[in-house]
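Structure first, then comments.
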Amino acid sequence: MTSLDADGDTTTVSLRGEIDVLTVEQVRVALGEAVAGRPGRIVVDMAGVAFIDSTGLGALISGFQRARDQAIDFRLARPSASVRQILVLSGLMEVVQVIP
């Protein structure tokens, strides 16, 4: 479901599968561990995410807020077209940078 990879000043959190009420705790834990490592940047790679619901969006928002509070750059990367649409509709793309 999730994996962490630290490379220099960037920590990448790779997400896979569906992020919903059944799997969201794994996402929360991974994002918490990433923030605790105090990197300069956290990149959440969403290329493997097929679906995300409101609980998953909440976990991303919480991770973003914790990173921002620690002055850590937080970005989402490579969401699929369907996940990108959910990010747009939720308004999350207005506050979190999304990279291709």
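If you chain together hydrophobic residues whose side chains sit under 4.5 Å apart, Leu22 and Leu57 never meet in one group.
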Can you list, pair by pair, the side-chain donor-acceptor contacts under 3.5 Å of residues 86-93, counting residues two or more places apart and other chains?
residue, atom, partner, partner atom, Å
Ser90, OG, Ile86, O, 3.3
Ser90, OG, Leu87, O, 2.9
Ser90, OG, Leu92, N, 3.2

Cut-off 3.5 Å, no hydrogens considered: what does the side-chain donor-acceptor table look like for residues 60-75, sequence neighbours left out?
residue, atom, partner, partner atom, Å
Gln70, OE1, Arg38, NH1, 2.9
Asp73, OD2, Arg41, NE, 2.7
Asp73, OD2, Arg41, NH2, 3.3
Asp73, OD2, Arg75, NE, 2.7
Asp73, OD2, Arg75, NH2, 3.2
Arg75, NE, Gln97, OE1, 3.4

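Here Glu25 pairs with Arg28 under the salt bridge (Lys or Arg N to Asp or Glu O under 4.0 Å) rule; sequence neighbours left out.
Ala50 and Ser82 make their closest contact through O-OG, 4.0 Å (heavy atoms, listed as atom of the first residue, atom of the second, distance). For the residue pair Pro39 and Ile42, the shortest heavy atom distance occurs at CG-CG1, 3.7 Å. Val13 and Ala30 make their closest contact through CG1-CB, 4.0 Å (heavy atoms, listed as atom of the first residue, atom of the second, distance). Across every non-hydrogen atom of Arg84 and Val98, the tightest pair is NH2-CG1, 3.8 Å.
Val27 pairs with exactly one of Leu31, Val29, Thr23 by the side-chain contact (heavy atoms from CB on, under 4.5 Å) rule, that one being Leu31. Between Leu76 and the options Ile99, Val43, Val44, a side-chain contact (heavy atoms from CB on, under 4.5 Å) holds for only Val44.
For the atom pair CG (Asp20) and CD1 (Ile52), the distance works out to 9.5 Å, reported to the nearest 0.5 Å. The OG1 atom of Thr11 sits 7.0 Å away from atom CG of Leu4, with the distance rounded to the nearest 0.5 Å.
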Is there a side-chain contact (heavy atoms from CB on, under 4.5 Å) between Arg16 and Ser3 once you walk through the steps?
CA-CA 9 Å; Arg16 294 178 299 282; Ser3 65; 3.7 Å; yes

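With hydrogens and angles ignored, the 3.5 Å screen pairs no side-chain donor or acceptor of Asp5 with any backbone N or O of Thr12. Without hydrogens or angle criteria, Asp7 side chain to Thr10 main chain gives no donor-acceptor distance under 3.5 Å.
Side chains of Leu15 and Ile19 form a contact here, defined as non-hydrogen atoms less than 4.5 Å apart.
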